[in-house]
Amino acid sequence: MPSLRSWRYLPMLVLGLPLGSGTASAQTLTVERLPFETGTKAAQPSVAVDPREGFVITWQERDGDGNALRYAVLDRSGKEQRRGLVSSGPERFINGADFPSLAVLDNGDWVTFWLQKTAAGTYAYEIRVVRSRDQGRSWGAPVVVHRDATPTEHGFVSMAPAGADRVRLIWLDGRNMAGSADAHGHGGDEHMTLRSALLARDGVPTDERELDALTCACCQTDLVRGAQKTVAVYRDRSDKEIRDIGAVVLDDEGASLPYSVHDDAWTMPGCPVNGPALAARGGRFLSVWPTMADGPMEVRAAFGNGDSFDAPRTLGEGADELGRVDAAEFAGGWLVSRVTTQDDTPTLTVTQLSADGEARADQHLAAPAGGYPRVAVIDDVALMVFTQPSGGGNSTVAVVRTTE
């Protein structure tokens, strides 16, 4: 899965400096780099919020001949409270663009997953979902949420609470590509699809359904529950190779037909490995995504009610934009993270938006920012995690805390 750009890595910097970009306010966020210890081959972090515990960081790292999925709990001040192991084992599919996350359910259960190889083919792996009923202190047996048993790709998972002990999952599913030219959606007549299922404590998937019969093969997805509906966003794909952002509304009654967040008309012959992000406050949703429909990379943002989105605005554009976006509601407004190139170095960059979408000047928070930075928010405190390369093929997990 090729990336659009490569770079060299430089030593870590914490900047926290605004850029004058003509936006309404230059108020800056307070930025703090937190100490966070991992092994020398740790990467693919993500972060979620447990209202009772604080921030929950997950990441993967080498463990002997296999790989481990680990977690740590930090309070809103950034102080680590505890950490633990979810699972460790061999033959896991490790990919910098396709990594585990964690969902905290309405009943307090934690749910996470990893990708497990099932055959010799490069893209033959399944999603193994695990649940903890005691906030990570112990974990149940893994469940395979898709039941097609084909030696094809199943990944790019997103999750959201679905009431009580239920979690809604969406993922990119390769079952229809078992006979295609390369079993990864490139060649042949079969393609990647977007699928969904519900999973409760009994471990039996329900409401299994195909949401979209033709999608991009390796862009991240996102799934967010608002006040009245749950919305999925993903990079769609047409038979003419237009790869704009699609959306589907899900509830207990079923799923809507897919629709386009905006008709960018980005024609792209291969997967850009650069998906959308979504955030919600009440019944309002913010979708953010990268596109090169008009030439250079552009990061766009659009608000909507989940059934449709307004015309997008541009948060950043040009050769220095790398995409890799995330978003969250923050301090009565919104926070969007992305990666930009500053002084030839990939840099974690954020834009703060007011409640009505007015943007403040960008802030460049930390560099080098490897992988796909993730953000989670508790009130006016945001925690951002990303992979920090350390040379020689090694990397650790970096954690940045920001407040107004």
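Remember, predicted model here, so these are calculated numbers, not experimental data. Position 1 is the first residue of the sequence, and the numbers go up from there.
In plain terms, the two heavy atoms of Cys216 and Cys271 that are nearest each other are SG-SG, 3.4 Å. What you find for Ala302 and Phe309 is that their closest heavy atoms are O-CD2, 3.5 Å.
The ring of Phe285 has its center no closer than 6.0 angstrom to the ring center of Trp334. Between Phe386 and Trp59, the ring centre distance reaches or exceeds 6.0 Å. In this structure, Trp110 has its ring center closer than 6.0 angstrom to the ring center of Tyr71.
Using a 4.0 Å cut-off between a side-chain N of Lys or Arg and a carboxylate O of Asp or Glu, Asp379 and Arg76 qualify as a salt bridge. Arg201 and Asp109 are joined by a salt bridge, as a carboxylate oxygen and a charged side-chain nitrogen come within less than 4.0 angstrom of each other. Remark: Arg225 engages Asp106 in a salt bridge, criterion side-chain N to carboxylate O under 4.0 Å. Ion pairing between Glu208 and Arg175 fails under the 4.0 Å rule for side-chain N and carboxylate O. A salt bridge does not link Glu61 to Lys41: none of the charged nitrogens lies less than 4.0 Å from a carboxylate oxygen.
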**Request:** Check the pair Val111, Met159 against side-chain contact (heavy atoms from CB on, under 4.5 Å), reporting the backbone distance first and the verdict last.
**Result:** CA-CA 9 Å; Val111 175; Met159 302 182 293; 3.9 Å; yes

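Taking the ring axis of Phe36 as reference, the NZ or CZ atom of Arg83 stays within 45° of it and closer than 6.0 Å to the ring centre. Geometrically, Arg300 does not engage Trp289 in a cation-pi contact, judged by NZ or CZ lying under 6.0 Å from the ring centre and within 45° of the ring axis.
Side-chain contact between Val231 and Val248: absent, with no pair of heavy atoms (C-beta onward) separated by less than 4.5 Å. No side-chain heavy atom of Val73 sits less than 4.5 Å from a side-chain heavy atom of Glu80.
To the nearest 0.5 Å, the span separating CD on Glu253 from NZ on Lys229 amounts to 13.5 Å.
Ring pair Tyr372/Phe99 is tilted by interplanar angle, where 30° to 60° counts as tilted.
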